[in-house]
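Below: one structure, written as structure tokens.
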Amino acid sequence: MILVTGGAGFIGANFVLNWLKACDEPVINLDKLTYAGNKDNLASLAADDRHIFVQGDIGDQVLVAKLLATHKPRAVLNFAAESHVDRSIHGPAAFVETNIVGTFRLLESVRQYWNALPSEEQGRFRFLHVSTDEVYGSLEADAPAFSETHQYAPNSPYSASKASSDHLVRAYHHTYGIPVLTTNCSNNYGPYQFPEKLIPLVIANALAGKNLPIYGDGKNIRDWLYVGDHCSAIQRVLAVGEVGETYNVGGKNEMANIDIVHIICDLLNAIRPRADGKSYREQITFVKDRPGHDRRYAIDARKIEAELDWRPAETFETGIRKTVEWYLANQQWVGRVMSGDYRDWISQNYSERKGV
Ligand code: NAD
Ligand code: DAU
């Protein structure tokens, strides 16, 4: 059995669904169900007794100790986090609370559990921490991609909180011997991504006839990876990764935001044309930039490729088509997650960007 945290969010839910498609090892899924967590993502597992869902906080040491003692997982995979950079700019406290303090408390719970395991089980146990390339900060246009030895230089409250959690995980290995693994992945896209993030926001706004807001000049670069490929990388690291190591995960797919938005518009033009026959590109609006906006991320994934024989299965072309088709086929899901809470966030984040 494995314990997954944050498994009702975008990547965690994809991971749990893929895991249980591929094997019968049960999953305990601990998720606080914040605005980003959605049990609908796991609806297909409702009658599946290999999946045990528990609503709760990674920082609740009483609850986590009980889950560990009852289910005796062979691994804990930590996806739970506050994950949206813009929200971290508006309200950093939740990011410190969950990403730093929550991870610390989770590590403490795991340490107590692990200390009491027989030594053979201690050796087999893994704590896998899911992190981000944003901990490395921003790259110049011609700089080499981030390798695992790149210096940490986080620039947003989100990336600073993830960097802190990475350091705590590292310290729990070096100090207490906990068998940890860390993955630092680039931007994901795919089914079940909350429509506050660029790709699902653009798809949802395009279909709703709203503006497609592009921060700054639209030339910021991200290195996009299909979520299923991130999940396969995590599975691979869990299975054969070397304890104490970190692995960068990416799709060698650097693209400027404006190019991503053009691709989405063109796909929608072809699959679901606007009633007036005009291009969705007409909805593009350049808006005020994100403060401290990192210019470029790029991942050097040679370590995971060479040492763990991992490769992404999707190209951007196949992955973005699947993604657009998924959102078109799942408009009810989109409608449900765009609750009153969501509308409050959209007005908070975008009203100040008007007219730029
Ligand atoms: P998400 O915001 O979609 O989901 C986060 C999940 O964590 C939600 O289900 C939420 O309810 C849960 N959660 C939040 N606080 C919690 C707490 N205190 N206790 C228990 N559960 C809690 O995020 P995501 O995009 O799926 O990202 C998952 C992980 O992957 C994060 O750690 C993120 O930093 C990392 N990551 C994300 C990306 C990306 O592009 N989305 C890329 C690299 C790494
Ligand atoms: O790099 C990995 C990270 O990718 C993860 O750690 C984060 O959890 C995840 O949210 C993502 O962070 P980004 O800030 O890169 O993703 P986001 O989708 O918010 O933005 C992608 C780019 O698009 C970024 O340059 C900002 C820009 N953008 C975003 C939004 C929401 C816009 O131009 N307009 C928008 O409305």
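Everything numeric here is computed off the predicted structure, so don't read it as measured data. Each ligand, and each atom within it, is numbered from 1 in the order the structure gives.
With hydrogens left out, the protein atom closest to atom 21 (C) of ligand 2 is L198 CB, 3.9 Å, a heavy atom. Nearest protein heavy-atom neighbour of atom 11 (O) of ligand 1: D31 OD1, 2.6 Å.
Within the 4.0 Å heavy-atom criterion, the part of L33 lying near ligand 1 is the backbone and not the side chain. Using a 4.0 Å cut-off between heavy atoms, W224 makes no contact with ligand 1 at all. With a 4.0 Å cut-off on non-hydrogen atoms, I11 touches ligand 1 through its backbone as well as its side chain. Contacts of A13 with ligand 1, taken as heavy-atom pairs under 4.0 Å, are absent altogether. Looking at H84 against ligand 1, nothing comes within 4.0 Å, counting heavy atoms.
Interface of Y158 with ligand 1, defined as ligand atoms under 4.0 Å from a residue heavy atom, comprises 33 (C), 34 (O).
The closest approach between S131 and ligand 1 falls below 4.0 Å for a heavy atom of the residue. The shell of residues lying under 4.0 angstrom from ligand 1, judged by heavy atoms, includes F79. For N187, the closest heavy-atom approach to ligand 1 falls below 4.0 Å. In this structure, A94 falls outside the shell of residues with a heavy atom less than 4.0 angstrom from ligand 1. For the pair A8 and ligand 1, a heavy-atom separation below 4.0 Å is found. For the ligand labelled ligand 1, residue Y189 lies outside the 4.0 Å heavy-atom shell.
Of the listed residues (W224, Y158, F194, Y215), the one carrying the non-hydrogen atom nearest atom 35 (C) of ligand 2 is Y215. Here atom 40 (O) of ligand 1 lies nearest to N188 when heavy atoms of N38, V130, I234, N188 are compared.
One distance of note links OG1 of T323 with CD1 of I199; it measures 7.0 Å at 0.5 Å rounding.
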